[in-house]
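A short write-up of the structure that comes next.
Residues: numbered from 1 along the sequence shown. The structure displayed is predicted, hence computed values, not measured ones.
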Amino acid sequence: MAIAYQSDKGPKRSDNQDAVGAFYNRSGDPLVLVADGVASQKGSKKAAQLVIQTLGRAWEQVTFSEDERVKEWLIHQADLANQAILLVGEHDEGRSQMATTLVVAVCLPNRILIANAGDSRAYLLRRHEAKQLTFDHTLKNELERQSGQRVSENIPEGDSLTRYLGVNRQVDLEWTVVTPQVGDWLYLTSDGLSKVLTLDEQLQILQPGIRRPGNQPALGSALDIAERLAALTKAAIMRNVPDNVTSLLVTNLTEDEQDGRKQQLTKTVEVPKKATEVFVKNGLEGWTNGSRNHH
């Protein structure tokens with residue numbers, strides 16, 4: 001199993017409000033995630049970073065791999081991160097609307113748990129085709145799902161998000177469980193790429209499962225997929241992408257590489273159990289009173 005990711009602010013944005021990460025628990029099971037700060041809201045860059053770090057650091061201390069326990073754990077940690085985001089707003093009214101999307105996947109033996117809120121996506125890449133595993137939580141999509149009918153593309157605020165972390169007290173994650181097959185790849189992305197590259201174009205660049213000609217890195221290796229993601233980012237930038245660009249790949253999902261992929265921790269880190277502890281651990285007290293620049 002190999003993991004690589006890349007994130008770029010793009011040519012039109014002054015900073016990068018996306019955040020991305022990959023973390024291993026004590027059993028060697030990876031958790032991968034992408035968060036996209038809501039650009040229109042002040043402080044959302046920090047919200048995205050906070051979510052990645054809160055879930056990632058906590059996952060590194062986990063020893064279990066049962067589906068229900070992992071799901072309960074993710075729900076709790078997402079709620080913890082959400083409450084910490086709200087605390088920032090309580091300390092700084094100017095950041096009370098900071099928010100972020102989230103897509104997260106836990107790669108367990110023989111199955112993958114995926115959860116999302118917002119329009120950051122997860123895809124399963126199988127035999128050169130892509131299956132979207134997540135639902136884009138926008139007003140237009142929600143109306144179509146509720147009514148079972150197509151909704152006009154011109155509906156006011158049709159692209160506005162209906163789910164995210166921040167602003168609201170409750171986090172509503174949507175779940176999918178997938179059983180991977182040999183050769184499957186997992187692909188996570190923020191919405192920036194889709195603004196300038198169709199899914200077919202993304203697949204043409206990534207070429208999942210296809211060995212590239214010449215003296216190239218081993219198919220599916222970390223270096224191999226890092227180069228593919230770099231080409232994807234370059235293509236988006238060449239099309240003058242108006243948003244940040246973030247993508248992540250996980251390959252060889254069915255390989256039993258426990259000895260090779262385990263990252264045993266040499267020390268135990270105390271994981272925050274309350275939103276106030278997340279608030280302090282991430283240095284948000286100083287950040288809200290102006291001692292840190294949100295850019």
Side-chain angles (χ1 to χ4, degrees), residues 1-10 13 15-24 29-39 41 44-60 74 77-78 81-82 85 98-107 112-125 130-138 161 163-166 171-176 178 185-197 199 202 205-206 208 222 225-226 228-230 232-233 236-237 241 243-251 253:
M1 180 178 289
I3 301 172
Y5 53 81
Q6 184 158 20
S7 188
D8 192 283
K9 71 178 181 64
R13 290 292 177 89
D15 65 351
N16 191 350
Q17 295 201 342
D18 288 356
V20 58
F23 305 85
Y24 291 83
D29 302 315
L31 174 146
V32 294
L33 59 176
V34 169
D36 179 359
V38 179
Q41 302 300 335
S44 291
K45 174 181 179 179
K46 188 65 179 181
Q49 295 171 341
L50 187 153
V51 169
I52 299 295
Q53 291 302 315
T54 298
L55 271 68
R57 290 170 181 170
W59 181 248
E60 290 176 336
L74 274 172
Q77 292 298 325
N82 188 62
I85 292 171
M98 61 191 280
T100 181
T101 69
L102 172 66
V103 58
V104 54
V106 181
C107 301
I112 306 170
L113 271 61
I114 301 107
N116 81 299
D119 58 1
S120 296
R121 297 176 176 177
Y123 294 94
L124 185 70
L125 307 185
K131 177 184 178 182
Q132 187 170 337
L133 304 174
T134 50
F135 182 83
D136 289 356
H137 298 118
T138 63
L161 296 177
R163 300 193 197 185
Y164 37 77
L165 277 72
V171 178
D172 191 7
L173 297 174
E174 186 160 344
W175 294 86
T176 306
V178 173
W185 290 10
L186 180 68
Y187 174 43
L188 269 57
T189 176
S190 62
D191 69 333
L193 282 167
S194 64
K195 294 177 179 178
V196 292
L197 294 170
L199 183 55
Q202 294 174 50
I205 296 168
L206 292 175
I225 57 177
R228 295 172 194 246
L229 291 176
L232 189 66
T233 300
I237 291 173
V241 59
D243 202 351
N244 306 143
V245 177
T246 299
S247 54
L248 178 150
L249 280 173
V250 185
T251 61
L253 297 167

Working for side chain to side chain contact (heavy atoms under 4.5 Å, CB included), residues Y164 and I85: CA-CA 11 Å; Y164 37 77; I85 292 171; over 6 Å; no
Tell me whether [X] contacts the main-chain N or O of [Y] through its side chain, where contact means a donor paired with an acceptor under 3.5 Å.
| X | Y | answer |
| --- | --- | --- |
| Q77 | L55 | no |
| T100 | A47 | no |
| D119 | H137 | no |
| T251 | I3 | no |
| S120 | T101 | no |

Residue pair T134 / N116, side-chain donor-acceptor N/O under 3.5 Å: no
Donor + acceptor pair across side chains of N244, S190 (<3.5 Å): no
How about [X] and [Y]: do any of their side-chain heavy atoms sit closer than 4.5 Å?
| X | Y | result |
| --- | --- | --- |
| T189 | Y123 | yes |
| R228 | I205 | no |
| L31 | V104 | yes |

What's the separation between atom [atom1] in [X] and atom [atom2] in [Y], rounded to the nearest 0.5 Å?
| X | Y | atom1 | atom2 | value |
| --- | --- | --- | --- | --- |
| L173 | R163 | CG | CZ | 8.5 Å |
| Q202 | L193 | CD | CG | 5.0 Å |
| K46 | Q17 | NZ | CD | 13.0 Å |
| I52 | R57 | CD1 | CZ | 11.5 Å |
| T176 | I114 | OG1 | CD1 | 5.5 Å |
| L133 | E174 | CG | CD | 11.5 Å |

Worked check of side chain to side chain contact (heavy atoms under 4.5 Å, CB included) between L253 and C107: CA-CA 8 Å; L253 297 167; C107 301; 4.3 Å; yes
Side chain to side chain contact (heavy atoms under 4.5 Å, CB included) evaluation trace for L206 with W185: CA-CA 11 Å; L206 292 175; W185 290 10; 5.6 Å; no
[X] and [Y]: which non-hydrogen atoms are nearest, and at how many Å?
| X | Y | value |
| --- | --- | --- |
| A130 | L199 | CB-CD2, 3.9 Å |
| A78 | L165 | O-CD2, 3.8 Å |
| L248 | V250 | CD2-CG2, 3.7 Å |

Heavy atoms from other residues, nucleotides or ligands near NZ of K195 exceed 12 (cutoff 6.0 Å): yes
Sole residue of L188, L186, L229 in side-chain contact (heavy atoms from CB on, under 4.5 Å) with L249: L229
Positive for side-chain contact (heavy atoms from CB on, under 4.5 Å) with F23, one of D29, L33, V32: L33
Salt bridge flag under 4.0 Å for residues R121 and D191: no
